[in-house]
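Here is the structure we will look at, set down as structure tokens.
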Protein chains: 2
Amino acid sequence: MGHVRRNYGQYCGLAAALDVIGERWTLLIIRELLLGPRRYGELLEALPGIGTNLLAERLKVLHELGVITRPQSRDQGYALTELGHELREPVLSMARWGLNFLDAPTPDVETRAHWGFLAVQAMIDPERATEIDESYEFRVDDVVFHITVTHGKPVALEGPADGEPAVVASTDARTFVEIGAKRLTPFEALASGRLQLTGDTDAIVRSSVLLGLMAPVE
Amino acid sequence: MGHVRRNYGQYCGLAAALDVIGERWTLLIIRELLLGPRRYGELLEALPGIGTNLLAERLKVLHELGVITRPQSRDQGYALTELGHELREPVLSMARWGLNFLDAPTPDVETRAHWGFLAVQAMIDPERATEIDESYEFRVDDVVFHITVTHGKPVALEGPADGEPAVVASTDARTFVEIGAKRLTPFEALASGRLQLTGDTDAIVRSSVLLGLMAPVE
DNA sequence: CTGCATCCGCCTCGATACTG
DNA sequence: CAGTATCGAGGCGGATGCAG
């Protein structure tokens, strides 16, 4: 008489998805794992308020359902399976929608630099990656990541850019997400000293267009 | 001292989205409204198990947050705002992912014909809409909808196709979703008499390719 | 120290009854 | 028909315990 997980009981793709990742905290766990493998303690730290039992329970279920793998050895971490990685698009598109609701951050809301990496991925509009081959590097607090555009195909990766990036943007996590939420323009952030940019003006424009922060120039 | 809704308190697009549509039943309400305006009673009927108080509460919050509009007059219904309509992509991409988990439908799971409409929208791969101009009509139980491809741009709409559809597919809701979940091929469904197709073979192939049910032919 | 399991108070959920 | 009120059951959140 094991326990039956609460489920919607509808023969429908959305209901089936929500039966798996619809419970509280689950998608935020996926978000963390989309940024790379994470240890139990790292997840706890990245998800303030989750409660250790709940995290353990979620990880167990996600593993049983084939969405994540358990740490193979000490000092490894939980990681997404191929099935789990297929949540990238759903998660990014939800995150993009959620930016509509980000208001001014109050002191009691958490802001983490690596969420900026997610924000960037959500903001990239591949349609706007014109025929360019260059990379843009972002330094948000102590986290570094970059976008590499190859033959018009943009890819976001952790770590510094290979070779010489066309643009380097340095800022703090809060400013970064505020720009993503369009509460702040890059120009305003530059003017107030909260953002530093290096690189030639044309490349800065191209990167801003790619991220939907600027209308394409004819 | 009004009541503070439970929220994640993270300055992140995904967390903000989940604060709005992350609670139980909310995304299923959105799913229904993506198919058109719905009355209170229609929503209750489409969401077995929700409980009337919870539906009322969800509708109230979604309205306050600007995601839906309330019925303007008797015999109208709740409808999505522009912001709400922007949930189409997130919802469809989640539904697509959830198809991975659809197992054989047991007698106790609900299957509704109009969910097939959602499944079709989730399955359409615009990349595969080659330069064709034609429409495909689907008759799932008593629900009729169609895909119209214009200059390679596919659009799914309720109701019968305008003009003469290139393909007409007739089936029941369960078979339809099983095909979407790739538990059943159209060929098998045809052979077992659970699916009827009219239209010429080439058009049937093109529609199957568009829905990702068949590999493109060179 | 990491990775959980157990316990407990509270809040959300789900079902039923009831009202305009 | 379209909700509101009520209440038991269960999921959640926080603290604590404990094994490798």
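Letters A, B, ... are given to chains in the order of the sequence lines, protein chains preceding strands, and every chain is numbered from 1.
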*Test salt bridge (charged side-chain N to carboxylate O under 4.0 Å, His left out) on B:Glu89 and A:Arg96 and set out the steps.*
CA-CA 10 Å; B:Glu89 273 312 304; A:Arg96 204 174 300 124; over 6 Å; no
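One can place CD1 of A:Ile50 at 10 Å from C1' of D:dC12, the figure rounded to the nearest angstrom. A straight line from CG of B:Leu28 to C1' of C:dG14 spans 15 Å, rounded to a whole angstrom. Rounded to a whole Å, the OH atom of A:Tyr40 is 17 Å from the P atom of D:dC18. Residue B:Leu59 contributes atom CG, which lies 10 Å from atom P of D:dT4 at whole-angstrom precision. Distance A:Glu57 CD to D:dG14 P: 17 Å, rounded to the nearest Å. In this structure, B:His63 atom NE2 and D:dA2 atom C1' are separated by 16 Å, rounded to whole Å.
Judged by distance alone, the side chain of A:Thr171 and the main-chain N or O of A:Val140 form no donor-acceptor pair under 3.5 Å.
Within the structure, every side-chain polar atom (N or O) of A:Arg70 is placed at least 4.0 Å from both OP1 and OP2 of C:dG3. Proximity of A:Tyr8 to the phosphate of C:dC13: no side-chain N or O atom is located under 4.0 Å from OP1 or OP2. An OP1 or OP2 oxygen of C:dT12 is reached within less than 4.0 angstrom by no side-chain nitrogen or oxygen of B:Trp25. At D:dG11, none of the side-chain N or O atoms of A:Arg5 fall inside 4.0 Å of OP1 or OP2 (strictly under the cut-off). At the phosphate of D:dG13, OP1 or OP2 sits under 4.0 Å from a side-chain N or O atom of B:Arg6. Regarding contacts with the backbone of C:dT2, every side-chain N or O of A:Arg39 stays at 4.0 angstrom or more from both OP1 and OP2.
Within the nucleic acid shown, A:Arg58 comes within 4.0 Å of sugar-phosphate atoms alone, with no base atom in reach, counting heavy atoms only. Note on B:Arg74: nothing from the nucleic acid sits closer than 4.0 angstrom, heavy atoms only.
Within 6.0 Å of CZ in B:Arg74 there are 12 or fewer heavy atoms belonging to other residues, nucleotides or ligands.
One N or O donor and one acceptor, one from the side chain of A:Thr52 and one from the base of C:dA5, sit under 3.5 Å apart. Side-chain to base pairing of B:Asn53 with C:dG14: one donor and one acceptor N or O lie within less than 3.5 Å of each other.
Counted by atom type alone, B:Arg39 and B:Tyr78 present zero donor-acceptor pairs between their side chains at under 3.5 Å.
Ionic pairing of B:Asp141 and B:Arg112 is not present here: no N-O contact between side-chain nitrogen and carboxylate oxygen is shorter than 4.0 angstrom.
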